[in-house]
2 protein chains.
Amino acid sequence: MLNPSLSPDAAAPLFAALGDPTRLSLVRRLSDGEARSIARLSEDTDLTRQAVTKHLKVLEGVGLVSSTRSGRESLFALQPETVGAARDYLASVSRQWDDALGRLRAFVE
Amino acid sequence: MLNPSLSPDAAAPLFAALGDPTRLSLVRRLSDGEARSIARLSEDTDLTRQAVTKHLKVLEGVGLVSSTRSGRESLFALQPETVGAARDYLASVSRQWDDALGRLRAFVE
DNA sequence: GAAAAAGGCAACTTTTTAGTTGCATGTTTC
DNA sequence: GAAACATGCAACTAAAAAGTTGCCTTTTTC
């Protein structure tokens with residue numbers, strides 16, 4: 001399947017999760033592949049730990065990150081396949097536009 | 001520039017705009033390259049015309065669509081460069097992850 | 001085993017967002 | 001020029017999101 005691409009209803013929650021600066025920062029910071037604890041992820045921000053926790057739950061809810069408990073801390077890691085799904089959705093939008101432009105060009109010639 | 005990629009603060013509003021099913025549908029429908037009037041875009045939905053108008057303004061606010069007045073109607077068209085910017089942001093997240101994975105592999109061998 | 005560290009849970013406030021209704025304005029069409 | 005069409009503007013409601021505070025439980029560390 002080259003152009004299955006999620007339905008807008010399925011993809012929107014993904015973008016909504018990415019559409020908050022705090023959450024997008026978290027995704028960015030986790031994109032180096034390392035798993036991090038909530039405490040660690042709460043360090044470089046002025047938000048409370050609970051606020052960060054909520055954001056992580058949102059990201060986990062749409063599958064952008066996953067968490068595992070390790071002793072007294074819970075580690076969050078990026079789920080790259082889901083990032084890829086969001087990226088692919090936009091790629092399919094781009095491609096549809098490019099195809100349309102191509103057809104227009106062909107028609108003019 | 002291969003990896004400029006917007007800052008999370010700059011990119012988040014883009015994803016937020018895409019993070020609503022109605023708006024993502026509008027983007028999808030406009031991705032064929034054709035410009036459409038508000039009335040036209042309001043046809044296949046149960047929302048009121050005003051609601052659709054608001055969504056279009058949000059999309060226009062982040063540069064995902066542009067509008068031009070033509071007589072009594074205003075036509076909205078997709079702004080593919082902005083879609084590309086959002087896509088590229090996610091691509092850079094993906095790539096960062098892939099690179100990290102690559103280094104890990106190299107280290108293990 | 002007591003103190004410190006990491007986190008979970010729940011109630012609550014504030015702000016933002018989605019959506020509506022009502023009415024006014026500019027354009028076409030007959 | 002009157003009716004129909006397309007849109008703009010503003011006030012308002014309702015619901016969701018972001019963030020906080022307070023307190024309780026589990027795990028480490030000395």
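Residue numbers begin at 1 in each chain, while the letters A, B, ... track the order of the sequences.
- B:E73 contributes no side-chain N or O that forms a donor-acceptor pair with the base of C:dG26 under 3.5 Å.
- Among the protein residues, A:R40 comes within range of no part of the nucleic acid, since none of its heavy atoms lies under 4.0 Å from any strand.
- B:L26 places its CG atom 11 Å from the P atom of C:dG19, with the value rounded to the nearest Å.
- Nearest nucleotide to the B:I38 side chain, out of D:dG8, D:dA6, C:dT20: D:dG8.
- Backbone-only engagement by B:A39 is indicated by non-hydrogen atom pairs under 4.0 Å involving sugar-phosphate atoms exclusively.
- No donor-acceptor contact under 3.5 Å links the side chain of B:R49 to the base of C:dG19.
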Give the table of side-chain donor-acceptor pairs shorter than 3.5 Å for residues 47-57 of chain A, with sequence neighbours excluded, one pair per line with atom names and distance.
residue : atom : partner : partner atom : Å
A:T48   : OG1  : A:A51   : N            : 3.3
A:T53   : OG1  : A:R49   : O            : 2.9
A:H55   : ND1  : A:R23   : NH1          : 3.1

Quiz item: Quick one: what's the B/S/- string for nucleotides 25-30 of chain D, heavy-atom cutoff under 4.0 Å, read 5' to 3'?
Solution: --BS--
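- Between the side chains of A:R28 and B:S92, at least one donor N or O lies within less than 3.5 Å of an accepting N or O.
- Relative orientation of the B:Y89 and B:F15 rings is perpendicular, given thresholds of 30° and 60° on the angle between their planes.
- Rounded to whole Å, atom C1' of D:dA6 lies 17 Å from atom CZ of B:R36.
- Rounded to an integer number of Å, the gap from CD of B:E43 to P of D:dT7 is 10 Å.
- The NZ-P distance, from A:K54 to C:dT13, rounds to 13 Å in whole Å.
- Proximity note for B:Q50 (side chain, C-beta onward) versus C:dT21, D:dG19, C:dG19: the nearest is C:dT21.
- Distances shown here put a side-chain N or O of A:T48 below 4.0 Å from the OP1 or OP2 atom of D:dT20.
- The shortest side-chain heavy-atom distance between A:L30 and A:L41 falls under the 4.5 Å cut-off.
- Salt bridge status for A:R29 with A:D44: present, with a side-chain N to carboxylate O gap under 4.0 Å.
- Here the straight-line distance linking atom CD of B:E60 with atom OG1 of B:T82 works out to 11.0 Å at 0.5 Å rounding.
- The phosphate of C:dA6 has neither OP1 nor OP2 within less than 4.0 Å of any side-chain N or O from A:S37.
- Taking atom CG on B:L47 and atom P on C:dT17, their separation rounds to 17 Å, with Å as the unit.
- Checking D:dG19, C:dA18, D:dT7 against the side-chain heavy atoms of B:H55 singles out C:dA18 as nearest.
- Between A:D46 atom CG and D:dA18 atom P there is a gap of 16 Å when expressed in whole angstrom units.
- Rounded to whole Å, atom C1' of D:dG19 lies 11 Å from atom CG of A:D20.
- The CZ atom of A:F76 sits 7 Å away from the P atom of C:dG8 (whole-angstrom rounding).
- Heavy-atom contacts from other residues, nucleotides or ligands closer than 6.0 Å to CZ of B:R40 number 12 or fewer.
- Look at A:D32 and A:R36 and you find a salt bridge, because one of the NZ, NE, NH1 or NH2 atoms lies within 4.0 Å of a carboxylate O, short of that distance.
- Nearest nucleotide to the B:T22 side chain, out of C:dG19, D:dG8, D:dT20: C:dG19.
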